[in-house]
Number of protein chains: 2
Amino acid sequence: MNPMPSKQPDLTRQKLLEAAFAEIHRQGFQSASLTQILADTGLTKGALYHHFPDKKALGLAVVEEVIRPMLAAMMFEPLRETRRPIAAMQSLLKAKAAETDPWVVTLGCPLNNLMQEMSPIDETFRRVLNQLFKEWVEVVKHGIVRGQASGEVRKNIDAAETAFFIVSALEGCIGMSKNTQSMEAYRGCLKQLSRFLETLKEKK
Amino acid sequence: MNPMPSKQPDLTRQKLLEAAFAEIHRQGFQSASLTQILADTGLTKGALYHHFPDKKALGLAVVEEVIRPMLAAMMFEPLRETRRPIAAMQSLLKAKAAETDPWVVTLGCPLNNLMQEMSPIDETFRRVLNQLFKEWVEVVKHGIVRGQASGEVRKNIDAAETAFFIVSALEGCIGMSKNTQSMEAYRGCLKQLSRFLETLKEKK
DNA sequence: CTTGACACATACCAACCGGTATGTATGATG
DNA sequence: CATCATACATACCGGTTGGTATGTGTCAAG
């Protein structure tokens, strides 16, 4: 009846995923230590290898079940149905710039970190990460297209190319700011990206 | 007199640096294997630890003595004395887009790779990498300032912020294209960056 | 001719890695 | 009550890691 706190497999799996996410976010996938993850969770290898066949599967699960929902909530949802994507994205950037948590500036975007590390050396990772990345670009692209329909966005721009660039530039800003470890540089970079977005608007 | 081919210490050191650069570029610093580097050079640990005190020193030397000159030749020099930086950068981007070597698209920018991996977890690396990055931004910034003086560039833009953004966006383009492994996406992204540069020009 | 610093090569080490084999408590099922 | 799969824990393994200690050949100086 009263289920023991330590015998809920779904909860255990979730704890492993979250600890793995944190460790991977800090150290990267290859340098992430399973021992460390287990130390963080208080679990053992028995639990880990019961829920995941190997380290790689754990990493891929982190992408699908931790990073994807996170990204969807933060970046996809706000753009999903907007008819004024430029305005939506600018308020999104403003929100990011207003964050006081140095999380992003110190550790960077989890998706980008993994892409940079794993895409060149592991095809499975590359496919999964690229799929997620492409979804992101697609969301932005559809936003732009809707913006073009509603008259907010100029019609002589390539929606796909522009969307790819916007996401790339944002990841670039985050990455460089991570190196600088300066919230101020981060905000300035986002401001310039916002300036670029402004140039996409239809002139009235 | 005739110096033996294998007893020129400077040459040995250089071989180690280049092999280390290649290995680090592929695998990242943490996952770079000293054994692999030695196998690539045909040398042994005796040679390595004669020239470098430890792995970290080797990595930092790679940054200073391989990546820095490479970056300086490719990105700094073309902008050093130009009075029309926008034009110079656009021809630079054009040259990058025209490259058929998939080197950049498959492995990415060595500087950015190291920054993403090492900056959050090692302060020494972060300082060295950030120094190099800041020099890059500075070169672009000075170019913009000179462009403002010569009338090519609008005067109501923040040179420092803009320079930071340009470098960030470029690194972002490279990074995302590395993930996509598509030369076409890479070229499209550079084209959008070029479009941004165009908006910096003084209206005639 | 000897000495000694330099430029490596060889052999070895403890620590850690991901992964496996086995043991065990629990809870549902027949 | 017996059975059996689930959900872990424990103990262990071979391989690899960065790093070290020692050996050796060369060459220049004294």
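Per chain, numbering begins at 1; letters A, B, ... match sequence-line order. Side chains are part of it too, since the values below use all heavy atoms of this structure and drop only hydrogens, waters and symmetry mates. All figures in this text were calculated on a predicted structure; none of them were measured in a lab.
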From C/dG18, D/dG19, D/dC8, nucleotide with atom closest to A/His51 side chain: D/dC8

Closest listed nucleotide, where the reference is the side chain of B/His50 and the choices are C/dT20, C/dC6, D/dG19: C/dC6

Nearest listed nucleotide, side chain of A/Lys55, among D/dT10, C/dA9, C/dG18: C/dG18

Distance, rounded to the nearest Å, where B/Gln30 contributes CD and C/dC16 contributes P: 15 Å

Between C/dA7 (P) and B/Arg13 (CZ): distance, integer Å: 12 Å

Closest nucleotide among D/dT20, C/dC17, D/dC8 to the B/Lys45 side chain: D/dT20

Pi-cation contact, B/Phe164 with B/Lys134 (under 6.0 Å, within 45°): no

Under 3.5 Å: donor-acceptor pair, side chain of B/Arg127, backbone of B/Asp122: no

Short side-chain to backbone donor-acceptor contact, B/Glu23 and B/Ser33, under 3.5 Å: yes

Whole-Å gap separating C1' (D/dT20) and CG (B/Leu34): 13 Å

Nearest-nucleotide pick for B/Ala47, side chain only, options being D/dA9, C/dC8, D/dC8: C/dC8

Pair A/Phe165 and A/Phe196, ring centroids less than 6.0 Å apart: yes

Among D/dC8, C/dA9, D/dG19, the one nearest A/Leu43 by side-chain distance: D/dC8

